[in-house]
Amino acid sequence: MDLDQIVVVSPETVFQEVEGESVLLNLAQARYYGLDEVGTRIWQLLQEHGSARAVFDRMLQEFAVEPERLEADLEHLLRDLQNNGLVTMASARE
């Protein structure tokens, strides 16, 4: 995964946090997507920074996790979010 990607939240996505977890709703598809506590933190950081690299760096500071594991988990979540129409990703070099 290219950590230098820009991640943009779809304007068709609604976010609601409930007791540390969250629910995302894709309004265009009327589909819900749930996030656990870690996924919720990643979502918050995406909204704040808009950069996979910034999320990765911040998560390394906040959680006791190996960089390789974090990168793999972040890539998996971002691909899921993209496949469900919740975010779009583009190279920062474009």
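Bear in mind that the values here come from a model prediction, so they are computed numbers and not experimental data.
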- Residue pairs fulfilling salt bridge (Lys or Arg N to Asp or Glu O under 4.0 Å) with at least one residue in residues 33-44, sequence neighbours excluded: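 Matches after skipping sequence neighbours: Arg41-Glu62.
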- Message: Show me the pairs that pass side-chain hydrogen bond (donor to acceptor under 3.5 Å, both in side chains) and involve residues 7-23, at least two apart or across chains.
- Response: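 Matches after skipping sequence neighbours: Glu17-Gln44, Ser22-Thr40.
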- Item | Non-neighbouring partners of Pro67 that pass side-chain contact (heavy atoms from CB on, under 4.5 Å), sequence neighbours left out |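 Here the qualifying residues are Phe56, Leu60.
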Show me the donor-acceptor pairs within less than 3.5 Å that the side chains of residues 47-55 make with the rest of the protein, sequence neighbours left out.
residue	atom	partner	partner atom	Å
Gln47	OE1	Trp43	NE1	3.3
Ser51	OG	Arg53	N	3.2
Ser51	OG	Ala54	N	3.1
Arg53	NE	Asp4	OD1	3.4

Does some side-chain heavy atom of [Y] sit less than 4.5 Å from a side-chain heavy atom of [X]?
| X | Y | result |
| --- | --- | --- |
| Gln82 | Arg79 | yes |
| Phe15 | Val9 | no |
| Leu74 | Ile42 | yes |

- Message: If hydrophobic clusters are built by linking Ile, Leu, Val, Met, Phe, Trp and Tyr wherever their side-chain heavy atoms come under 4.5 Å apart, do Met89 and Leu24 end up in the same one?
- Response: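 Linked within one cluster.
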- Item | Gap between atom CG of Leu3 and atom CG of Leu78 - 0.5 Å precision |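 Here the rounded value is 9.0 Å.
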- Could you go through the side-chain contact (heavy atoms from CB on, under 4.5 Å) check for Met59 and Val65 one step at a time? CA-CA 8 Å; Met59 293 293 289; Val65 61; 5.8 Å; no
- Query: Residues two or more places apart in sequence or in another chain: which of them pass salt bridge (charged side-chain N to carboxylate O under 4.0 Å, His left out) with Asp73?
  - Reply: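 Per chain and number, Asp73 pairs via salt bridge (charged side-chain N to carboxylate O under 4.0 Å, His left out) with Arg69.
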- Task: Just do the side-chain contact (heavy atoms from CB on, under 4.5 Å) check on Phe63 and Val38 with the steps written out, would you?
- Result: CA-CA 9 Å; Phe63 292 87; Val38 174; 4.0 Å; yes
- Query: Given a cutoff of under 4.5 Å between side-chain heavy atoms of I, L, V, M, F, W and Y, with clusters grown through shared members, what are the other residues clustered with Leu27?
  - Reply: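 Other cluster members: Val14, Val23, Leu25, Tyr32.
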